[in-house]
Amino acid sequence: MKKTLLRIEGMTCSACSNGLEKYLNKQEGILNASVNLVMSNALIEYDETILDINQIEQFVKKAGFKSLGLYDTKIKENKNNKQKIQFIIFTILAVILLYISMGHMMGLPIFDFINMHKNPLNYTICLLILTILFMAYGFDILKNGIKNLIHKVPNMDTLVGIGVISSLLYSIYSMVKIAQGNNNYVHHLYFETSAIVIYFIKLGRYVDRISKDKTKEAIQKLVQITPNKAKIKINGEEKEVTLDEIKKGDIVISQAGDKIAVDGEIIEGKAHIDEALITGESKPVNKTIGNKVIAGSLNFDGYLEYKAEKIGKESTISQIVRLVVEATNTKAPIAKVADRVSGYFVPIVILISIITFIIYLILGFEVSEAISTFVTVLVVACPCALGLATPLAIVVSEGVCANKGILVKKSETLENAEKINTIVFDKTGTLTYGTLKISNIYNYSKLEEKQLLQLVGSLEAKSTHPISKAFEEYLKKNKIQPLEVKEFKNVSGLGITGKIDDKEIILGNSKILEHFSIENKNKEDEEKLATEGNSIIYIVQNKRIKRTRQNSYDVWRWNK
């Protein structure tokens, strides 16, 4: 058995996804297929001795859709500004169309040239031109609706297509009658109905797309945990490469402040590694030779060389992303109910609309009124809120969870979560803000605490190290303006230096003291803080130590 996740093009409603899912599950060799409308993908389990990817893609094509190949979370969805511009243009055209066709009902002034009573033919031609523009705008809806009707899997587009085309054809018939001199048919035009129905369907899909994009962005953020580039060691020399260029067995270099590029094993050096995003462990973990490192974790304060072991799709973070994407394809019980309903929904609506049309004719109503009622039944039903809103709510919820660092393996779990009344955590020290905060200050100088932190914050503002954010937040919160820093330098793996008010400032871990031959008379304090899991920063001004510490706990209550 093998699993594959395909990107699918052409699905516009739950009837599409439900129809494709049923079609795939009927095929020999496919053990299980789950189609996700919101993510536009299909998770397929199949017997690789019977089928291959090409054959599965052919099944997708025969069902009336298109496979875009394997689903890749690294493929960024285009922020299609063209669609946004089109939508704005057609919003303006919709207002113009409604003004021309219905302005007289509200007593609005209408030019005589396009007045339905004074120049009915000009009025009709004007509506036809605007409607043709909307037909072009919604051509994908009409095409998809007809295509799915031919493939015997009618969907919401089929309802819209039948309704719009029926209104258009009858309006064209009325236009011919007007051209022949029968101006009474000016009241039997439904051009604006065809156009506005397409506009509102496009409006709904535009809003849906925004919600889907937010979910995809949450998954993209998971992918972006790993850096784009890394340094590897070749014959004793460092070389910067992209992640795709790293191979198993390569020696990868990580310095303080770097993210681990791939899963591997440390062969040289030691450092504190923040693995909170992967493991949930708030304290940076002390890693040394022989320990494993995980892609996406953060090297706080040391120099490491590690051998690449798991790259690409094999890495821990890639597997987490895969689980998140696959979770969006699992069906919650409520979603399964929605799928069953939507599967029968479209054919029943079409049948009801036809019966309604026939009854109106039998009862002696005019053809125009019968067609109007026929179209109304189709159009009112077409949004299919149950079939779209249910999976959309589930997938967006899973995207929000992923964004918050909560990974949901099955949609059923998410639905059952509302029954939870007690949460038990396995140990203390794991519930944090997820960011570093200043926990305490050991001030060995004559400076006030606020002045001390102003010096640290000013220097850290020039740094890209994660620790700098703790001081940046402190300065903002206390409305302290950073001081001007000159001759800023980054001392790799140790800390940073610079000049403030012509005084040399050295900032970093204990190794930076050794580097600058500064005697550390406070070793006992350092050992005590280190055993509590703190990341310790020394600040040295003119060779005098003033020290602060940070960790990831909510430790403001520990302040002295």
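In this chain, residues are counted from 1 in sequence order.
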- Message: Tell me whether Asn299 contacts the main-chain N or O of Ile273 through its side chain, where contact means a donor paired with an acceptor under 3.5 Å.
- Response: no

- Item | Leu483 CG to Lys503 NZ distance, which is reported to the nearest 0.5 Å | 11.0 Å

- Task: Would you give the length of the straight line joining atom CD1 of Ile266 to atom CG of Leu304, rounded to the nearest 0.5 angstrom?
- Result: 4.5 Å

- Counting distance only, does the side-chain N/O of Asp47 pair as donor-acceptor with the main-chain N or O of Gly29 below 3.5 Å? no

- Task: May I ask you to decide if Leu475's main-chain N or O and Asn478's side chain share a donor-acceptor pair within less than 3.5 Å?
- Result: no

- Task: Answer yes when Lys202 and Asp140 have at least one side-chain N-carboxylate O distance shorter than 4.0 Å, and no when they do not.
- Result: yes

- Nearest-0.5 Å distance, CD1 of residue Ile246 to CD1 of residue Ile251: 11.5 Å

- Worked verdict on Glu57 versus Ser67 for side chain to side chain donor-acceptor pair (under 3.5 Å): CA-CA 6 Å; Glu57 288 183 326; Ser67 170; 2.9 Å; yes

- May I ask you to decide whether Glu265 forms a salt bridge with Lys292, counting only side-chain N to carboxylate O separations under 4.0 Å? yes

- So, do Ile260 and Leu298 sit near enough that their side-chain heavy atoms are less than 4.5 Å apart? no

- Query: Is any side-chain N of the basic residue among Glu305 and Lys233 closer than 4.0 Å to the acidic one's carboxylate O?
  - Reply: yes

- Spatial distance of atom OG (Ser34) from atom NZ (Lys3) [nearest 0.5 Å]: 10.0 Å

- Query: Looking at residues at least two apart in the chain, or sitting in another chain, which of them share a ring pair (Phe, Tyr, Trp, His ring centres under 6.0 Å) with Phe87?
  - Reply: Tyr199, Tyr206

- Message: Closer than 4.0 angstrom, basic N to acidic O: yes or no for Lys476 and Glu472?
- Response: yes

- Item | Which residues share a side-chain hydrogen bond (donor to acceptor under 3.5 Å, both in side chains) with Asp250, sequence neighbours left out | none

